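Being a predicted model, the structure only gives us computed values, none of them experimental.
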Amino acid sequence: MTSAKKQTQVRLEEDVLAAGKAAAAARRLDFNRYVERLIIEDTTGARAAGMAAAQRLIDEHGAFLDDLEQQLDAPYADAQRGAAA
């Protein structure tokens, strides 16, 4: 059984629309599917659950992630220090 889709109209500022279309393209979704997914995630609690999981990861492993980031950035920082002005 397929559900019939309903059409609606939304008015957005140009920059908001452009950002939404860019975000959709980055996820390889058409704009309508992207908006539909955002609404579903927001209304089902999936987005909140994902954000809570991300926060737990940061809370539990933030120091490790910060250290890892510094280690990964170190070679580039050394190269910048020796660069000619």
Give the cluster check for M51 versus I58: same hydrophobic cluster or not, with ILVMFWY residues linked at side-chain heavy-atom distances below 4.5 Å.
no
Linked, directly or transitively: L17 and V10 (ILVMFWY side chains, under 4.5 Å)
yes
Closest non-hydrogen contact found for I40 with T44 is O-OG1, 2.7 Å
Show the numbers, then the answer: is there a side-chain contact (heavy atoms from CB on, under 4.5 Å) between L38 and D42?
CA-CA 6 Å; L38 286 176; D42 188 49; over 6 Å; no
Measure the spacing between [atom1] of [X] and [atom2] of [Y] and express it to the nearest 0.5 Å.
X: N32; Y: R37; atom1: CG; atom2: CZ; result: 13.5 Å
X: R11; Y: E13; atom1: CZ; atom2: CD; result: 11.5 Å
X: L57; Y: F64; atom1: CG; atom2: CZ; result: 10.0 Å

After noting the C-alpha distance and the side-chain angles of F31 and V35, does the key distance pass the side-chain contact (heavy atoms from CB on, under 4.5 Å) rule?
CA-CA 6 Å; F31 183 71; V35 171; 3.6 Å; yes
Chi angles and distances behind the side-chain contact (heavy atoms from CB on, under 4.5 Å) call for K5, E36
CA-CA 11 Å; K5 296 215 175 201; E36 183 178 49; 3.2 Å; yes
Residues forming a side-chain contact (heavy atoms from CB on, under 4.5 Å) with E14, sequence neighbours excluded:
none
Please check if any side-chain donor atom of D66 sits under 3.5 Å from a side-chain acceptor atom of Q70, or the reverse.
no
So does E60 have more than 12 non-hydrogen atoms from other groups sitting under 6.0 Å from CD?
yes
